[in-house]
Every structure is written in C-alpha cells, then in structure tokens.
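First the structure, in the form of structure tokens, and then the observations on it.
Sequence lines set the chain letters: A, B, ... in the order given, protein chains first and strands last, and positions in each chain run from 1. This is a predicted model, so every value here is computed, not measured.
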Amino acid sequence: MSEIHLIYEHKKIESYWQEKWSQKNLFSTNNIKNPYYVLEMFPYPSGRIHMGHVRVYTLGDVLARYKRAQGFDVLHPMGWDSFGMPAENAAIENNIHPREWTKKNIQNMKTQLKSMGISYDWNREISTCEPEYIKEQQKIFIKLFNANLIYKKESWANWDPVEGSVLANEQVIDGKGWRSGAPVEKKLLNQWFLAITKFALPLLDNLSELNEWPENVKVMQKNWIGQSIGAKLSLKIKTNKIVTNTDMIEVFTTRPDTIFGASFVAIAPDHNLSKQLAEQSAEISNFIKEWKKSFISEEDLDKAPKNGLFTKLYVLHPFTNKALPIYIANFVLSSYGTGAVIGVPAHDQRDYEFAKKYNLKINEVIQNTKEKQNTILQKAYTGDGKLINSDFLNNMTVNEAKVEIVKRFEQKGIGKKDIKFRLRDWCASRQRYWGCPIPIIYREDGKVLPVEQSELPIELPEDVDFSKGGNPLENHPTWKFTRCKKTGLKAIRETDTLDTFFDSSWYYLKFLSPKSDTNLKSKLIERWCPVHQYVGGIEHAVLHLLYSRFIVKALNSINEIDINEPFKGLFCQGMVCHKTYKDETGKWVFPEDVVKNNNQLIHKSTGKKVFAIKSEKMSKSKKNIVDPVSIIENYGADTARIFMLSDSPPERNLDWSNSGIEGSRKFIVKVWSYFNKLKLNDQDIEKTASPENNNSSDLRKQLHLCIEKVTKSLDNFQYNVAVASLREFANYFFTLTLKDNNILHEALSKWVIMMSPLAPHLAEELWQLLGYKNLVSEQKWPRYENKFLTEENINLIVQINGKKKLIINIKKGLTKEQTERIVLENRAIIKIIESNNYKKIIVVPDRVVNLVI
RNA sequence: GCCCACUUGGCGGAAUAGGUAGACGCAAGGGACUUAAAAUCCCUUGUCCGUAAGGACGUCCCGGUUCGAGUCCGGGAGUGGGCACCA
C-alpha cells in the first residue's frame, strides 16, 4: 500500500483556524449567566513578545478555553500598559513621538500575540495611553482627591539621575533604580501621594480571605505591610536648659514589658529635637552632617557600626524616676514610629550593641525559663520568659506584662497601645511626559483644585520637545497655562504625570466597558469582578497587586465601587530560563555559538574555551534569549504551547531546550499523521457507531481514566500532568485502528476536545479529520463516568514487614476475611510463613495486605 | 540576621486519603529500515550483586511515629526567594 507523504504545514493550518475563530467571533461574550473572568497581566508594548509572554499567555489561554468548554461565559481580554519610560527614551534616542512609537509596538505585538492563537476577545482591547482610558483614570483620581485619599506633600524622594524622575520605595533595589540601575540620590520634592497607609489594616486582614492566592505572595504582602503592635509612650525630659520648646519625647516600642530594663533613649539624627539641638551645639550639628553623608550609601546597613552622640539631656523613667541619657543615634529612623526609641540593651540586639559601645547599663528583666543562662549576656535575649527586676511586673510572662504595663501607661496618662506599619504612602508623581496627566490646577489665588468633569480628559500635548531634558510638560510653552472654568481665574496645570502603577491598578475594570464610560457602580463590575483567575509573574507580588487591592478598597470606602478585592484567584507562573555560557574573560556567549569538541565546550567561530553557567532567566545581557517569533514561525504556535505546558509545573521555572521543542513538534506531527490515516467521511462515522463489543471496554476504561486525570490536573493547574495524561492515552490509541475497535471514534473525539485548550489549532484540524463539520472549540468538555472506571480485578499488594513481596490479581470488593484467606492460601506466601510464623496480619481490602513476621 | 518555599534516576518531573516510587517526556545505549545519513519504528535504561531465576539497597542527612513514610513529627544541611537598623 502506498502511503501519501504528508507534511504538517503549521503556518497554513494555524492561520486558517485563527481566521475561522475570528469570523465566528467565538471568544466574545456578553452573557453573564455563568461568568468566569480570566485575566493575564497585560504587557508593556515593547514591540516584541518574549518567552515569558508566551508562557503566561498560554497558561491563561488553557484556562480560558477549558472553562469555556465547561460551559462558563468566559471573559478573556487583552490590552496594553502603554505609558512609561521606554517610549520616552525612544523619543529622545530616535526622535520619534512616544505615541507613534507605542502605537507601532502595539501593532507588532498584537500580530505576534494573534499568531499564538490565544482566545482573546479583541473587541475589548484597551490601551492606557488612549483618551478613553485617561478620562476614567482622571475621574478616579478626582474621586480619591476629594475624599482626601490623595494629597500633596514635600518629601525626600528617591531621585533617579538617569531617568530624571522620582522612584517609589519599591522601585529602589539595593540603593539603585530598578530600571536604570543608577545609584539613587535624595531630593526634596513636592509630590502627590496616595494614602495607602490608611488601608494598611484591611489590606493585611483581608489577605486571610484570599484563599485562592499563593501563600508566598500573601507572606510577601504581609511583610511589606509590616504590622508592629506595641505602645507609644511619652517621656519627660529631665533638664531642659538648652531646649525651650520641647519637654517630652514620644517613643514607640513593641516591648513595653521591658520598660524596667531601659537604660537610654535614642532619637533619629533628623528628629525634631536633634535639629533644635544642632542649632546650639557644633558637636551635634557635625554629627548630623556626617550622618547625612553616610545616608546616601545605604548598602551594608547591618554591617554599619552603631554610632551615637550623647545630647547631655536625660529623660525620667516613668516608674523609677531614674535619669536615662538621650542619644542621637544613626540606627534610629525618623520615618518609622516616632523617630525615637527607648533602649533596652538586654533584650534588643541593636540596643545591646549600642550599649556595649557606649558603656551603658545592661539590665536584665526577662528571664529565660527554658534554659538557665549566665547573667553575663553574650547577646540580647529576645525570647519569651519571666519578668524579673521589674517591680509590679515581676513573675509575669512577657504577654501578661505587655497587657499590664499598657494599663499602667493609660492610668498615668503617659501612653497607650499603638500599632505601626512599615508600609509607606504611595508616591504617584512622576516628572515625566509619557504618563497620565494629573487633573489638578493651581489657581492664582493659591487654591489647588481638581479639573471640572466636563473638561476631562486632560490630554497630553502632542508637540513636545525632548531635547532640553527634564520634564517636557513643565517646559511646554502653553500647555500648563489655563483658567479656572468656574471663576475664570488664571491657573497652572499640574505638570507631574501619574506612576504607571496607577494605570495598571484598575485596568481589569475597564475591560468591562472598553468603549464607553466606566460606571464603577455598574452591575457589570459586580457580576464579573473580582477577577476569577488572574495570572502573572511573582515580581508583581507587592507592587502591582497591593496597589490594585488598595485602589479597590479606597473606592469601596467612599462608596464608589461595590467590590472589596480585585482578584479572587491568583496564579504566579515561573520564569523561562535557558542555558548561559561565558568565555574565559567572563563575557557572555550565545548558546548557539557553543559547540562540543573532545568533551570540551568551545566557541564555534573563535575556538576559545567556554564554560557552562547554570540556566538563568532569559535576558538580553546574558545572551540566552530565544525569540518566540522565530519559534512560532519555524515550529508553529501549538508546538510552542505544548512545550510551554509540558514537563515543568506552571509555578516553577521552565528550562528552554531545543530537544524539548523538537519533542513537542514530533508529538504533534505523530498525532496528526495518525488521524490522517484514519480520515473519515460522514458515512464512516455512522458505521463506527455500532454497538459496543468486548474489545472496546478496555479503551473505554482508559478513555475515562484519561478524562478524569486531565480534568483534575487542569482544575489544579497541573498542566504538565494534563499533557502527560493526554500523551499516555495517545500512546495507547496509536496501537488501535477503527476496524478492531468500534468506540475508537468516540474516544478520539473526546481526546481531541481535551487537547483543544492546549493545542487549539491542531485540535481543530483533528476534529475535522474525524469527520466533523463544526468547531472543536465549541464542544462541551467530556465527563468521566465512574461506572467505566470501576475495575473487576485489582492488584493486591502483599507486603512482608511493610516491604512489597508479591502482587496478586484478585476480584475487587472482597471482604477483609476473603482477602486474608486468598493471601494465606497463596503458595509463595505459604512458603514464607511456613519458615517464619507470622505475628500479625493487616488487611486493607482492595489495597494491601501486610504480614508481620 | 529574620521570614517563606523547595530538595525524588544522567535531566525536567509523576505519585487522591500514609499503601506497587520513578507516570509522561528529554538525554543515552542497542536494533530495524537505508548505498549512507536524516526521519521513522522497536527494545533497554534508579543503583549494586548475579550468566540467570532472583536478591539487596534506594525519594538531601540524622532521629521519631506507624504493620507500613517521598508523603506525618523533631533536628540538621543545601538551594532559591522575600524583607532587612521597622524599635
């Protein structure tokens, strides 16, 4: 029999089915009977997709297609996080307008995303730089402004000298700009802040309700918010000859129970009192000057020695009336708590180090009850124990003492319970052009006012000059000059633009009304939100995800929205990694330039030795990027998708390998060739629908096992296991033909439906080869039936002392006694128990029998 | 330093409730087809002993609970991530 040599033309096949889906408008929904909102973090339009995008969008698409097959009304939109620095850099470097550059990039990336065959509803496409988006965002800004949740304040900002802009705290990594890598400087600026700290407690508390979020993300947010429960306490300054307008110092402590161990008070160098003292003392002002210099280099903070300067002032201990010296100390932060601490060297490591250095008393007040330790402390003891040397607190536990001492503070009117957070308000000002304009005017009479609703959106001027550096909006000849609509008074526009994290903190709401005004109180939001499943990188664990939660809570608190959390389910995928190589000089080498010669790695063209470094996240600088566009071109989207889903669990890192992508391709071609050989027409379908015979019962069992495994794996985000189960079943049916199995057609049909979320183009092609005229993307997900899974016989494991000795195939459902008899009558077992009388027998019916000898 | 996660063959990884460890794939080796190669197909592949039948060991290390532990508990090591003078 001559066989026609077939070639799997992925380009033709994939574009054909993409066109079909689009014609049928298959992925568009306006039904909200059974809503399921799948969202992947939208990309910055850099112009080219990378493997990280391929992975996250494949994962999201599998879920969207799977849920659609299960009968959900799936919302699966895509848009563009299109404001931000790179567009402005491109404008400066290539003399192209940011808008033009961005639009071109969006076009390119959209084409690339479309070639992946993802089931997006492109009718809902949004872009954060468009007027419709800006308008809604400015409305939100004004709402928050009017509710006093946005305010302006002068503050030390992290100034990135390369970007020429401020950075949020979380955009500073190791004292360097997160994007530019330049050392960050301190600069005093008047900037807009969002009052996220007002929501610190609900942001923290509601984490426990997010039970479909990964635990590690919640832990990161918890640490980021950083709640400390303690007490604040006012201490009276003993002699106040020098300072006239301060006679109390307020301190915050989480260990009020150790109050009797206090031996000093330390204040921050930029504490108010320090500033006042500096005016009168050259020594103090010099100390502060020195501190300011070291303030800029923030590295090795823990290694930095603890320095302090005695102010010659004392406070009075509130209970013993003893005088405690006041120090100005470099380890006290003005930005946390009250900028002043009470030093208890015996029970705080920092205080301990400080006390050792300046010869201050170390008074032990907590006794470790578990281990008897020497009174000569080697380091501070911070654990639990019994209070000693503490007057009325003696013999209490730490927790009892905390409660009691706060009571005493309150009685004396000197302090009370207090909670502090590490979280800082969100600085949302950027001194940049390519961002959402802040809808605020400064009127000539000094009033700071939001722009009138009717004037929205405030758009960016198109004619800008980037050549001068600095903020182009500030430098624009006319844009910022305006008038107050109500009074006609002259006014100047705010020239700062918004941090792009503001743009991305509410975009999931905009998808619900992409083309019209967004009504935050609409039924649409109530029905579709919170997003059922959000998918994205863990790098956004605290920034984007916390800001989004805050925006929703802030709007909710002023009754502008009815939801309280933006994302019900969250999934964080791992990175895509690839081998890296370095040559002897330490320079990165492209993996494709490395060849193996006599068991040594050498550079293809130079012949020099190279060394394999571990697999790392794909990045340009490490030269280990694999371009998805060329992979899709050469292998097809389905091959790329299958590779992305195989082997590694989605939450872990995925190692790119050429053999892996080849393997995926082989699988696809093999399946397709098999279906081609079976090719059917309508009549054949009817023929195969003959009554079942014995031959097919095993196939049916295997099929239902496969359906069960795939369904459960997909439900648990174990996409690698789903692929494995689908391949396992394929290995089984590859050996079958329609002639000898009358339910093969049905089995293959169900298998193809299960393949369709993973490799949708291939699945459509196979569906057609099975003789169907409709689309597999419209089919219902198959159900597994337990009646086909129940087996007549099972393999009973027989163990001796817990070690597997024998497997007996017996009838399922036998009683304990029946099972025991079968085992004890088994010849091999008799042999064993004849020589060693057994002491005990454990029988778990249908599973295991264990003989103890 | 503090907090969290992870550790299973040569590699990526499977393993409802503690009950056949290594599914599925990659790599490797052998064979078939071919003038040859590629492609494809078939077989082998945790380690050790044994010609074999078979046996012993084996899920980072040490200990515990249990008839039975990759899975539960205690201690330790290593890797990765987050926070880091936060009082």
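Among the heavy atoms of the strands, none lies under 4.0 Å from A/Lys218. No engagement by A/Lys839 is indicated, since no non-hydrogen atom pair under 4.0 Å with the nucleic acid exists. A/Arg422 comes within 4.0 angstrom of a nucleotide base, judged by non-hydrogen atoms across all strands. Using a 4.0 Å heavy-atom criterion, one finds that A/Asn731 contacts the sugar-phosphate atoms exclusively. At a threshold of 4.0 angstrom between heavy atoms, the contacts of A/Val852 are confined to the sugar-phosphate backbone, with no base atom among them.
Taking a 4.0 Å limit (strictly below) on heavy-atom distances, residues 649-657 of chain A reaches RNA chain B at A/Pro649, A/Arg652. RNA chain B is contacted by A/Asn795, A/Ile797, A/Gln799, A/Gly802, A/Lys803 of residues 794-803 of chain A, taking any non-hydrogen atom closer than 4.0 Å.
Among B/U40, B/A23, B/C83, the nucleotide with an atom closest to any side-chain atom of A/Glu728 is B/A23. Candidate nucleotides B/A87, B/G82, B/A27 were compared by shortest atom distance to the side chain of A/Val332, and B/A87 ranks first.
B/C57 sits 27 Å from B/G25 when the C1' atoms are compared, rounded to a whole Å. Going from the P atom of B/C61 to that of B/A77 covers 15 Å, rounded to whole Å. Straight-line distance between the P atoms of B/G70 and B/G18: roughly 13 Å, to the nearest whole Å. Using atom C1' as the reference point in both B/A17 and B/G13, the two lie 23 Å apart (nearest Å). The same atom, C1', is picked in B/U65 and in B/G54; the two are 34 Å apart, to the nearest Å. For the P atom pair drawn from B/C60 and B/G10, the interatomic distance equals 13 Å after rounding to whole Å.
Between A/Gln718 and B/G13 there is no side-chain polar atom (N or O) within less than 4.0 angstrom of OP1 or OP2. Contact between the side-chain N/O atoms of A/Lys222 and the OP1/OP2 oxygens of B/C4 is not found at any separation under 4.0 Å. For A/Ser725, no side-chain nitrogen or oxygen approaches OP1 or OP2 of B/C24 to under 4.0 Å. Contact between the side-chain N/O atoms of A/Lys840 and the OP1/OP2 oxygens of B/G68 is not found at any separation under 4.0 Å.
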